[in-house]
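Let me begin by presenting the structure, written as structure tokens, before commenting on it.
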Amino acid sequence: MNSKAKNRYFIQTFGCQMNVNDSEKVAGLLESQGYEAAETPEAADFVFLNTCAVREKATVKFQQSLVRLGRMKTGRPELRIGVGGCVAQLEGESLAKHSPQIDVLVGTHNLRSIPGLLDRVNESPGVAAIDLDRRADAFDVPDTVTAHANPVRAYVTAMEGCNLVCSFCVVPRTRGPEVNRPADEIVAEVKAVVAQGFSEVMLLGQTVNAYRSDGRDFADLLAVVDAVPGLRRLRFTTSHPSHVTERVARALRDLERVCPYLHLPVQSGSDRVLGSMRRGYTRAEYLETAALLREHVPDLALTSDVIVGYPGETPAEFDETLSLVEQVGFDGLFSFAYSPRPGTTALRLEDDVTEDEKRQRLHVLNGHQQQWQRRRLASLVGRTDEVLVETVDGHGRVSGRTPHFRIVHIDGDASLVGRYVPVEITAAGANSLQGTVSQLAH
Ligand code: SAM
């Protein structure tokens, strides 16, 4: 064992699945250097904050954690604090300058540097070790290193960054332009995770269905990944409506392992707002895309993201969002109050919808959505679905997901985790189902 064998790390992750996957890579890199996971920041020698800049709220939570860690470090100067992710990339070196408790600062492409930077800090304590080089290869963390946090679902990055120009979104600034990973590398990683025992894979990318590499489009990528022996479920996120082609719809219909589930952010139901957001589609086009998908996969579960209170959004325009949400009938909806972000083009527009009004619109939207979800989930009672068990809820209960990504709670114990079980749905709430195992599969 080397001298680092006793070192323990703790990672706090903010934001999206990309960040969760990045944290899994950091955990794996640290473990490959002899670090062990700690249960709490107090028990750790190195705490890494993996930040999100998409909304102000996430950055405020990060700042609060950083302040708490700073206080902890006053009593424990040997504690090492690392910061990475989108806020780190956005704020750059000034973040370390204003927060002297930071020892290690890395951008979104520099996870691989963390162990070396930690060594550097240990040699020269008090001087922050920084790597924010955006030209670095974001995919250079070896496949086998990632410490997957979910026991059954492995995230595999297909592409990084984003070439879109949505007026509200900070991601192109934090993660840079699109970089597509060669399909062979993606397939190799999927094979590696299947060999480790994962039978479900979620391909990740900011606009994953814009994937293009060596003449292969996203439908081609799905086909080659679908063919990996031993894989049973294939999902992907996040998709952009403008990149949903007939080929993608056919892949969803025809490829055996691709699950009937799609997250397709719409953001607004108003053409004026969609135009100002520079989303690249109209309300009618989004509806056509949803119809195309359902024509190919009639029982497709569709989920979405919505922003309320975008600059200038009138009550009538908000009503258009409500009516679109009702028209599509989403299986799940993530709704957000508009949050002005640095460097985005929407920042030039006045943030003129009051916070109260944004809250009220969120309340109305969520109320409608919850009612719809209750009705939708209630209609599933009586059917039998295949559930891949992933979590122990305690008190003799476990939960897992159906192919449509619906959460089902069932009676059972930890021995069911990782197993596919046929479950009869017996009850439904607004966000999840309950069921009983009909017969155990092998
Ligand atoms: N790349 C994806 C896309 O283009 O749809 C998702 C990116 S973002 C991580 C996830 C969601 O956060 C977005 O779909 C949007 O609804 C929301 N979001 C992004 N920027 C926002 C902002 N400035 N204010 C409020 N919500 C925002």
Side-chain angles (χ1 to χ4, degrees), residues 13-22 50-61 85-87 89-90 108 155 157-179 202-211 218 236-244 262-270 273-274 276-281 286 289-290 302-313 318 321 324-325 330 332-353 355 357-359 361-362 365-366 369:
T13 308
F14 303 85
C16 63
Q17 288 101 333
M18 282 316 267
N19 268 17
V20 172
N21 188 219
D22 283 349
N50 195 1
T51 63
C52 168
V54 161
R55 280 170 294 278
E56 196 190 357
K57 227 188 211 167
T59 65
V60 169
K61 280 195 208 153
C86 290
V87 178
Q89 191 72 60
L90 199 61
T108 48
Y155 290 134
T157 302
M159 51 96 75
E160 261 277 351
C162 183
N163 286 353
L164 298 176
V165 288
C166 301
S167 65
F168 54 84
C169 190
V170 78
V171 169
R173 280 194 75 204
T174 60
R175 289 199 174 259
E178 261 173 33
V179 186
M202 189 178 269
L203 297 177
L204 297 183
Q206 290 297 337
T207 48
V208 73
N209 59 331
Y211 178 86
F218 186 60
F236 52 91
T237 203
T238 297
S239 297
H240 188 282
S242 304
H243 291 282
V244 175
L262 192 74
H263 184 62
L264 197 64
V266 63
Q267 313 301 359
S268 171
S270 148
V273 174
L274 287 171
S276 176
M277 286 177 165
R278 301 164 82 185
R279 286 290 287 175
Y281 53 84
Y286 185 92
T289 300
L302 258 187
T303 60
S304 198
D305 292 345
V306 160
I307 295 176
V308 304
Y310 180 80
E313 186 190 67
F318 170 66
T321 297
L324 179 132
V325 164
F330 290 112
L333 191 67
F334 300 89
S335 37
F336 308 103
Y338 169 71
S339 168
R341 305 310 298 135
T344 58
T345 52
L347 205 58
R348 293 190 215 123
L349 306 171
E350 192 189 344
D351 181 20
D352 56 356
V353 180
E355 291 309 306
E357 183 58 31
K358 285 178 188 167
R359 252 194 304 278
R361 289 180 193 179
L362 276 182
L365 182 59
N366 289 334
Q369 180 62 25

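Note that ligands are numbered from 1 as they come in the structure, with each ligand's atoms numbered from 1 the same way. As the structure is a computational prediction, the values presented were derived from the model and not from experiment.
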Aromatic ring pairing Y281/Y286, orientation class (parallel under 30°, perpendicular over 60°, tilted between):
tilted
Classify the ring geometry of F336 against F334: parallel below 30°, tilted from 30° to 60°, perpendicular beyond 60°.
parallel
Polar contact flag for [X] and ligand 1 (N/O pairs, less than 3.5 Å):
| X | value |
| --- | --- |
| S239 | no |
| F168 | yes |
| S339 | yes |

For T13 and N50, indicate whether the former's side chain and the latter's backbone hold a donor-acceptor pair under 3.5 Å.
no
Closer than 4.0 Å to some heavy atom of [X] - which atoms of ligand 1 meet that?
| X | result |
| --- | --- |
| V54 | 9 (C), 12 (O), 18 (N), 19 (C), 20 (N), 21 (C), 22 (C), 23 (N) |
| T238 | 2 (C) |
| A337 | 24 (N), 25 (C) |
| R341 | 23 (N) |
| Y338 | 24 (N), 25 (C) |
| Q267 | 5 (O), 13 (C), 14 (O), 15 (C), 16 (O) |

Taking non-hydrogen atoms only, is [X] closer than 4.0 angstrom to ligand 1 via side chain, backbone, both or neither?
| X | result |
| --- | --- |
| R279 | side chain |
| R55 | side chain |
| P265 | side chain |

Would you say the side-chain atoms of Q89 and T174 include a donor-acceptor pair closer than 3.5 Å?
no
Examine the side chains of H263 and T238 and answer whether a donor and an acceptor come within less than 3.5 Å of each other.
no
Are R361 and E313 ion-paired here, with the side-chain N under 4.0 Å from a carboxylate O?
yes
Does H263 come within less than 4.0 angstrom of ligand 1, counting non-hydrogen atoms of the residue?
no
Could you please spell out the steps behind the salt bridge (Lys or Arg N to Asp or Glu O under 4.0 Å) verdict for R359 and E355?
CA-CA 6 Å; R359 252 194 304 278; E355 291 309 306; 5.5 Å; no
Run down the list V306, D305, I307 and name the one with the heavy atom closest to atom 14 (O) of ligand 1.
D305
Rounded to the nearest 0.5 Å, how far apart are CZ of F318 and OG of S270?
12.0 Å
Distance from atom 7 (C) of ligand 1 to nearest protein heavy atom, with residue and atom:
Q206 OE1, 4.0 Å
Any chance the rings of F236 and Y211 have centres within less than 6.0 Å?
no
Please assess D305 against S335 for the test side chain to side chain donor-acceptor pair (under 3.5 Å), listing each intermediate value before the final yes or no.
CA-CA 6 Å; D305 292 345; S335 37; over 6 Å; no
